Amino acid sequence: MKKQYDSKESEKKWKNYWEKNKIYKFNPNSKKPIYSIDTPPPTVSGKMHIGHAFSYAQQDFVVRYRRMQGLNIFYPFGTDDNGLPTERLIEKEKNISAQKLGRKEFIKICLQTLEKELRPKYIQDWKSIAISCDWDIFYTTIDKHSQRISQKSFLDLYKQKREYRKRTPFMWCPECQTAIAQVELEDKEKDSQFIYIKFQTSLNKPITIATTRPELMPACVAIHVHPDDKRYKKFIGKKAKIPFFNREVEIYANKDVDPDFGSGAVYHCTFGDMDDAEWIEKLKIKPIEVMNKDGTFNAKAGKYENLNSKQARKEIIQDLQEKNLITKIEPIHHVVNTHERCGTEIEILMTDQWFIKYLDLKKEFLKQGSKLNWYPKYMKNRYDNWVKGLKYDWCISRQRFFGIPFPVWYCNNCNEILLADEKQLPVDPLIDKPKPCPKCKSKEFTPEKDVLDTWATSSLTPQITASLFPKLSKKLYPSTLRPQAHDIISFWLFNTVAKSYLHNKKNPFKDVVISGWALDPKGKKMSKSKGNIVEPQEMIQQYSADALRFWAASSKLGEDLSFQEKELVAAKKLVNKLWNASNFSFSHLEDYKTKPKKLETIDLWLLEKLNELVKECTEAFERYEYSKTKIETENFFWNTFCDYYLEIIKDRLYNPDKRGKQQKLSAQYTLHISLLTILKLLSPITPFITEEIYQHYYAKKEKCKSIHISEWPKFNKKTTKTEIGDKAIEIISKVRKIKTQNNLSLKTPINLTLDKKDEKLLKPILEDLKAVTNAEINFGKFNIEIV
RNA sequence: GGGCCUGUGGUCUAGUCUGGUUAUGACGUUGCCUUGACAUGGCAGAGGUCGAGGGUUCAAAUCCCUCUGGGCCCACCA
């Protein structure tokens with residue numbers, strides 16, 4: 001072994017070795033029980049960020065443990081690279097506009113850029129932190145296979161009458177120019193103005209409304225007041241005149257109105273929010289649609305045509321002020337709904353969209369959620385919370401280019417919805433053709449241009465991966481494990497459970513392991529704008545991938561972890577310590593062959609401690625609590641093993657003539673076993689250094705190609721308490737203290753008097769004690785005398 | 001407004017579910033030790049009202065209640 005461990009060289013070497021020797025290969029023919037992982041497909045975004053490194057490392061810990069338990073691991077890898085996020089990334093990277101380029105050309109560029117530039121580079125980052133996927137089982141959410149599964153899902157749900165297309169007011173992002181779903185909303189606090197506006201009425205008395213969106217005046221269709229509001233009772237049923245627009249609207253009684261908010265009178269526009277849409281439907285009012293898809297106003301807005309909301313608001317306030325129609329302007333701090341991808345305030349537009357009907361299934365979804373094994377348990381609350389708060393059916397159509405197309409055409413003659421044949425999939429309705437209309441036999445049709453919401457596909461990952469092995473699909477689906485971070489419980493987890501229920505009436509996975517977030521050193525969220533981003537690639541350069549993983553292992557399951565560079569420093573030191581301790585051990589194990597007839601007392605004690613450690617680590621891993629394994633093993637290795645045990649056995653190892661050959665053999669045996677065990681316990685967390693050391697010595701002995709497919713240490717369920725080692729440590733510690741207090745080297749010889757009452761207990765380890773403390777030992781009253 | 005998590009020496013943290021001798025470890029800090037794996041080391045020291053208050057108990061960091069700081073998710077009045 002080299003004197004120094006070179007992590008860069010070593011990590012590269014073993015990464016290649018694992019790939020070449022297919023260490024992580026899934027074996028479809030094996031009879032071993034399968035452990036399958038529904039790996040999160042990361043959204044292709046240029047570079048892996050520290051949050052990825054954090055959560056993928058954590059799932060890899062538990063997978064590596066299961067692999068060593070002898071399970072047949074099905075650990076695929078996918079990338080999520082269709083839909084809005086990818087479009088936005090490629091528009092930015094290539095400095096192009098999807099709208100300007102047109103669909104065909106844009107899709108071509110997306111596919112090419114993904115294939116040749118983004119994806120291959122991106123995946124390397126995951127390989128560099130030793131994610132032990134079977135990289136041969138690879139999918140992307142835009143590939144033909146995923147398209148087929150996703151379109152098949154659409155057809156199935158349509159046939160179940162779970163999908164419908166409807167022209168309806170729905171949430172719309174004017175920046176991305178597409179409809180979005182409830183889950184894509186993000187709250188943003190904003191300072192704005194609350195404008196009080198006077199409306200003339202048929203009562204010849206004015207009524208004052210309050211609004212944050214005066215620019216929607218041209219779309220005002222009604223005014224609402226509470227039926228019991230004394231101020232306004234008289235107005236009910238009367239008409240109000242809209243300033244600038246020669247129109248009158250009715251004043252309605254509406255129990256939804258809060259008399260204490262604003263002026264107590266609401267002006268009702270098309271559409272300020274989703275409630276406006278509800279009122280319109282309820283009262284059968286004719287909407288006035290004033291907004292274009294890009295968020296600007298159309299001709300119905302009169303002089304405000306072509307302006308966007310912000311510009312129109314400024315102008316209309318000015319105009320109203322000139323006419324003296326504004327009675328008050330209040331500053332207001334309120335919450336607006338924005339699109340989580342771009343931060344743009346959403347609008348409500350009347351458009352044709354596809355929906356999955358599922359609000360009627362809330363109860364069933366809650367039941368499905370409670371059937372999952374949640375780690376940690378409390379994360380289920382977030383799921384329940386989300387399901388209970390669902391208000392709208394799932395809008396799955398997006399008015400974008402790069403995504404999975406709907407397998408749908410519309411008959412030009414009779415408007416019938418024409419579905420693709422399942423055998424035809426995947427189809428692109430813009431290129432492929434349907435069979436003649438079954439109703440009217442027409443061959444004229446219009447293709448659906450919209451694409452599916454990216455979550456409509458990524459919610460099928462268990463089915464996508466399981467169907468790659470058709471013969472095994474029943475064993476692979478449901479998956480054993482769904483690992484993911486808590487921020488996408490409402491997105492990915494819920495959608496997957498929902499789809500799996502809709503299709504198969506069962507859960508898509510059994511265990512759910514939720515990881516937290518990587519935060520900056522102060523515990524704040526990392527973001528580019530704050531400039532507190534930590535680049536995992538740089539940390540790997542500086543400290544090694546093992547060190548980065550070691551840091552990731554310090555988080556308790558489900559909890560956020562602030563990034564601490566000192567953890568990486570500590571990890572690097574641990575790696576170094578492992579190297580040196582192994583170096584020392586192997587130099588004394590060259591002539592080691594078999595177990596001795598009898599083990600020394602202190603060796604028995606260490607092995608018992610080791611047994612306890614294995615028990616604890618195994619039980620912790622069974623509960624997915626990798627951090628406990630990390631802490632316990634690190635402490636045992638550094639403290640018990642290195643600081644005490646190695647010092648105790650040195651004399652036996654170096655001086656067999658004096659101490660006896662059997663005594664040396666006992667130490668060798670214990671050393672052999674305990675180091676191997678430590679390496680194995682740590683191997684899921686730091687796979688590179690443990691492999692490097694294993695290959696130096698143990699691989700041949702165990703006739704195993706890699707520590708990562710070697711057997712996880714077994715333990716005796718019965719642990720027997722032996723106090724002898726703890727007593728030894730106590731004595732050694734006292735001796736060291738005296739020597740240190742006297743500024744002496746620990747080698748300094750002493751006369752040690754031990755308590756008479758301990759004589760019987762300590763007799764078996766007397767020689768070891770003598771050697772490690774460099775003492776002459778007597779019994780009497782405890783005393784340390786420097787010679 | 002609803003739900004959930006969280007507050008331990010200067011910093012990060014174990015322990016909390018299953019209450020029990022001087023509260024774990026790391027970083028930092030102080031002093032010493034160049035000892036035959038390792039100075040990226042070893043040994044020892046200083047440093048803690050376990051967020052605050054109340055309760056249960058022989059006994060509380062741990063269980064219960066109230067308050068308070070931090071965080072996350074959800075809802076929201078135009």
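By convention in this document, chain letters (A, B, ...) are assigned in the order of the sequence lines, proteins followed by strands, and residues within each chain are numbered from 1. The shown structure was predicted, so the numbers you read here are calculated from the model rather than taken from an experiment.
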A/K188 NZ - B/C76 P separation (whole Å): 18 Å
Residue-phosphate contact under 4.0 Å: A/K737 side-chain N/O, B/G42 OP1/OP2: no
Sugar-phosphate, base or nothing in reach of A/W638, heavy atoms under 4.0 Å: sugar-phosphate
Output field: ring centroids A/Y624/A/Y626 closer than 6.0 Å: no
Comparing A/R213 and A/S562 on RNA chain B - which has the more 5′ nearest nucleotide: A/S562
Whole-Å distance separating the CG atom of A/L557 from the P atom of B/U13: 16 Å
Base partner of B/G53, which must satisfy Watson-Crick or wobble distances under 3.5 Å: B/C65
Sugar-phosphate only, base, or nothing, as touched by A/N743 at under 4.0 Å among non-hydrogen atoms: sugar-phosphate
Option from A/V513, A/L372, A/I514 for which side-chain contact (heavy atoms from CB on, under 4.5 Å) with A/M379 holds: A/I514
Test of ring centre spacing under 6.0 Å for A/F61 and A/F550: no
Interatomic distance where CD1 belongs to A/I786 and P belongs to B/C32 [whole Å]: 17 Å
Sugar-phosphate, base or nothing in reach of A/H268, heavy atoms under 4.0 Å: nothing
Pair A/W172 + A/H339: ring centers closer than 6.0 Å: no
Integer-rounded Å distance: B/U13 P and A/E567 CD: 10 Å
Touch class at under 4.0 angstrom, heavy-atom based, for A/K524 against every strand present: sugar-phosphate
Sugar-phosphate only, base, or nothing, as touched by A/C642 at under 4.0 Å among non-hydrogen atoms: base
B/A44 to B/G70 separation - P atoms, rounded to the nearest Å: 41 Å
Sugar-phosphate, base or nothing in reach of A/D275, heavy atoms under 4.0 Å: sugar-phosphate
Touch class at under 4.0 angstrom, heavy-atom based, for A/S733 against every strand present: sugar-phosphate
Between P of B/A78 and CG of A/L283, the distance in whole Å: 20 Å
Beyond-backbone contact of A/R313 with A/P214, side-chain heavy atoms, under 4.5 angstrom: yes
Euclidean distance, atom CD1 of residue A/I514 to atom C1' of B/C5 [Å, nearest integer]: 14 Å
Distance-only side-chain donor-acceptor flag, A/S309 / A/R213, under 3.5 Å: yes
Whole-Å gap separating P (B/C17) and CD (A/E559): 16 Å
Nearest-0.5 Å distance, NZ of residue A/K739 to OG1 of residue A/T748: 5.5 Å
Touch class at under 4.0 angstrom, heavy-atom based, for A/K739 against every strand present: nothing
Pairwise C1' distance for B/C72 and B/G9, with rounding to whole Å: 28 Å
Touch class at under 4.0 angstrom, heavy-atom based, for A/D643 against every strand present: sugar-phosphate
Touch class at under 4.0 angstrom, heavy-atom based, for A/K3 against every strand present: sugar-phosphate
Sugar-phosphate only, base, or nothing, as touched by A/K577 at under 4.0 Å among non-hydrogen atoms: base
Touch class at under 4.0 angstrom, heavy-atom based, for A/Q4 against every strand present: base
Touch class at under 4.0 angstrom, heavy-atom based, for A/S582 against every strand present: nothing
Touch class at under 4.0 angstrom, heavy-atom based, for A/N583 against every strand present: nothing
Side-chain donor/acceptor contact of A/K556 with base of B/U13 under 3.5 Å: no
